[in-house]
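Proteins come first, then strands; the chains are lettered A, B, ... in the order of their sequence lines, and each starts at number 1.
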Amino acid sequence: MLLDRRVPPNKYTFPFVLKACAARLDLRAGRAIHRHAARAGLHADLFVSTALIDLYMKCAFFRHATNVFDQMPSRDAVAWNAMLAGYALHGMHQQALAYLIRMQDTRLRPNASTLVSLLPLLAQQRALSQGKSVHAYSVRACLHDKDGVLVGTALLDMYAKCGHLRYACSVFEAMADKNDVTWSALIGGFVLCNRMLEAFRLFKDMLAQGLCFLSPTSVASALRACASLADLRIGEQLHVLLAKSGLRSDLTAGNSLLSMYAKAGLIDEATALFDEMVVKDTVSYSALISGYVQNGMADEAFLVFRRMLACSVEPDVATMVSLIPACSHLAALQHGKCSHGSVIVRGIAPETSICNALIDMYAKCGRIDLSRQIFDVMPARDIVSWNTMIAGYGIHGLGKEAAALFLDMKNRACEPDDVTFICLISACSHSGLVTEGKRWFHMMEQKYGITPRMEHYIGMVDLLARGGFLDEAYQFIQSMPLKADVRVWGALLGACRVHKNIDLGKQVAKMIQKLGPEGTGNFVLLSNIFSAAGRFDEAAEVRILQKEKGFKKSPGCSWIEINGSLHAFIGGDRSHPQSPQIYQELDSILVDINKLGYQADTSFVLQDLEDEEKEKALLYHSEKLAIAFGILTLGEDKTIFVTKNLRVCGDCHTVIKYMTLVRKRAIIVRDANRFHHFKNGQCSCGDFW
DNA sequence: GTAGGGTTAG
């Protein structure tokens, strides 16, 4: 139409066409029209210029937008708003605010549109006092009259994001007009502030007002509340509601449902939902990836990631932050390095959340040095960065380094939170620093005013009991202000096993049984304690009881990454193609280490077998198989790194020390709990295994 | 103007 010479475009035509370009982010067409307008002498026209600014801002061509703005002979509030909104759109707070301030120097006053662009910025920065000023200004300027719903919604959202739900509610109540966005903003605010039950109540109130308010956004918030409260029943009701209303195929609603099911552990439902979705986007894929990782299916997560790439759906920060922990779980360093490369290529490597995930990944893959490197160079650290790094030192038994980092954190005026202390106490526990651990616990309450949660008590019991202070740990549990849950008792029971204290172990086991059928692992521990004492009948009884109650013990599994491929073994496993060589190697190792004085600690065998058979049962534990495979495949200069899903058994711990001598290898084992660095007949953890 | 997927501890 523009090329039709008989009807030349005029100042009324250009803005509309430019608007269409902006909506499609079609910069090429937009620039062509810009030139066209210039030839027609209309490029400095108020409406044309404003439309150009809008287009360039949406396409992130800031210089072009600024040029147009600067060349305008006169500007109205809409032109100023276009600049402000453009910067706000790209999260460029400083630039946006600079335009607001410059606007004050003119005789123009901010209008409703200005505030609607401005308030989300303040919300994101949690700038409550500035937000209040804006609120006051909007009242003085009577901006509630026109566009009242928009200003009101932006205000209530700002208050909610600043954590001031009371103000948000009073704005909400004072609003004469409310629409679906208003309701959504308020419900979302309650979810954000972790007030899930009230969020539900609001959602119900909203439905009572009429179905016209129901929107994918409000359902999404309600589903988040379900996931957080682990209330699957309501979640399913919402699923039905969605199916009945016209929102069945909405992408936002579908993604929320998928995520809710995944978080509830119903990964099959989540997968089915994903497969049914006609349109899938980055969020859908990320939700499924994170679902698999959260449910311990890291390999499936990689498959979904590959499918995503094959379908040309672009991964973003959240996708990678979901995927990287899959490498951490598998301790698959090569996969992790690949993911690291991928975030560098995508230009998202400096993002704080990406760095945090990488720090965790390298720590769990045995490369605490690389964790620290990332930590040191990352552009901005948040509390998660510090906690992750401290936790990383913890699992490596580097309690002193963890403490040093805490001091560093204080010097940089970063406030520790409750998780920081969980990490610190656990770090002490893994390093045998009992006194220091107790000090952190007291400091947390007295100096930082953080009330201990169950997790802190679990850490303390673990610290004391693992350090051999079993009675003190027992006393500690008795004196807790909270009712100890199965995890607290489990920590004590685990230590009874290590320190072979059967009497206390039995007592603790009774406590656990009283608490009901919560801890699967505890049956195993109790049974192990009986076995260790040679009381096999009782051990068997516990196992039978466990079976009757329907608990499955997850089998011990160890794996090793060789050239980027994972090789997994379970105890006595002969499924690996190189099994004959592996078993031969282990038998030969046994001969060599016997010469050095090794004696099998058969108390770790769970069945009642003859001594020689016991020795064999021990010899073929999964961690030993994986290590033997490593010895056979990797060159002598390479450290062998094996990961086990459960705790390393005590006999394995001893054998691995000997292995480092007879095969002259450095061996690292990551178990469910921590890292064990074996070298020259020693283990880094000493007796705190 | 609202909103779906995400990193630490256990």
message: If the condition is salt bridge (charged side-chain N to carboxylate O under 4.0 Å, His left out), which residues does A:Lys132 pass it with, not counting sequence neighbours?
response: none
- line: Contacts of A:Ala403 meeting side chain to side chain contact (heavy atoms under 4.5 Å, CB included) (sequence neighbours excluded), chain-then-number -> A:Trp440
- prompt: Base, sugar-phosphate, or nothing for A:Thr388, non-hydrogen atoms under 4.0 angstrom?
  reply: sugar-phosphate
field: Any residue meeting side chain to side chain contact (heavy atoms under 4.5 Å, CB included) with A:Val321, in chain and number order, not counting sequence neighbours
entry: A:Val317, A:Ser353, A:Ile354
query: What residues, two or more places apart in sequence or in another chain, satisfy side chain to side chain contact (heavy atoms under 4.5 Å, CB included) together with A:Ala168?
result: A:Leu156, A:Tyr159, A:Ala160, A:Leu186
query: Using a cut-off of 4.0 Å on non-hydrogen atoms, how would the nucleic acid contact of A:Val317 be classed: base, sugar-phosphate, or nothing?
result: base
query: How about A:Phe375 and A:Tyr362: are their ring centres within less than 6.0 Å of each other?
result: no
- request: For A:Asp250, answer base if it contacts any base atom (sugar-phosphate contacts may also be present), sugar-phosphate if it contacts only those atoms, and nothing otherwise; contact means non-hydrogen atoms under 4.0 Å.
  value: nothing
- request: Just call it for A:Lys364: base, sugar-phosphate, or nothing, with non-hydrogen atoms closer than 4.0 Å on any strand.
  value: sugar-phosphate
task: Check every strand shown and say whether A:Arg453 touches a base, only sugar-phosphate, or nothing at a heavy-atom separation below 4.0 Å.
output: base
query: Which residue pairs satisfy the side chain to side chain donor-acceptor pair (under 3.5 Å) criterion with at least one member in residues 318-331 of chain A, sequence neighbours excluded?
result: A:Ser286-A:Thr319, A:Asp316-A:Thr319
field: Sugar-phosphate only, base, or nothing, as touched by A:Thr282 at under 4.0 Å among non-hydrogen atoms
entry: base
task: Name every residue in residues 349-363 of chain A that has at least one heavy atom under 4.0 Å from any atom of DNA chain B, in order of residue number, or write none if there are no such residues.
output: A:Ser353, A:Asn356, A:Asp360
- request: Looking at every strand, decide which applies to A:Ser215 at a 4.0 Å heavy-atom threshold: base, sugar-phosphate, or nothing.
  value: nothing
- prompt: Taking only residues at least two apart or on different chains, which pairs with a member in residues 153-163 of chain A satisfy salt bridge (Lys or Arg N to Asp or Glu O under 4.0 Å)?
  reply: A:Asp157-A:Lys161
message: Heavy atoms only, 4.0 Å cut-off, all strands: where does A:Thr182 land among base, sugar-phosphate and nothing?
response: base
task: State whether a side-chain donor-acceptor pair under 3.5 Å links A:Thr352 with A:Asp382.
output: no
message: Classify A:Leu258 by what it touches in the nucleic acid, base, sugar-phosphate, or nothing, heavy-atom distance under 4.0 Å.
response: nothing
- request: Could you check whether A:Asp382 gets within reach of a base, just the sugar-phosphate, or nothing at all, counting any heavy atom under 4.0 Å?
  value: nothing
- request: Pick base, sugar-phosphate or nothing for A:Asp316, based on heavy-atom distances below 4.0 Å to the nucleic acid.
  value: base
- request: Could you check whether A:Lys161 gets within reach of a base, just the sugar-phosphate, or nothing at all, counting any heavy atom under 4.0 Å?
  value: sugar-phosphate
- prompt: Under a criterion of less than 4.0 angstrom to any heavy atom of chain A, what are the 5'-terminal and 3'-terminal contacting nucleotides of DNA chain B?
  reply: B:dG1 to B:dG10
- request: For A:His456, enumerate each residue passing the ring pair (Phe, Tyr, Trp, His ring centres under 6.0 Å) test, keeping only those at least two apart in sequence or located in another chain.
  value: none
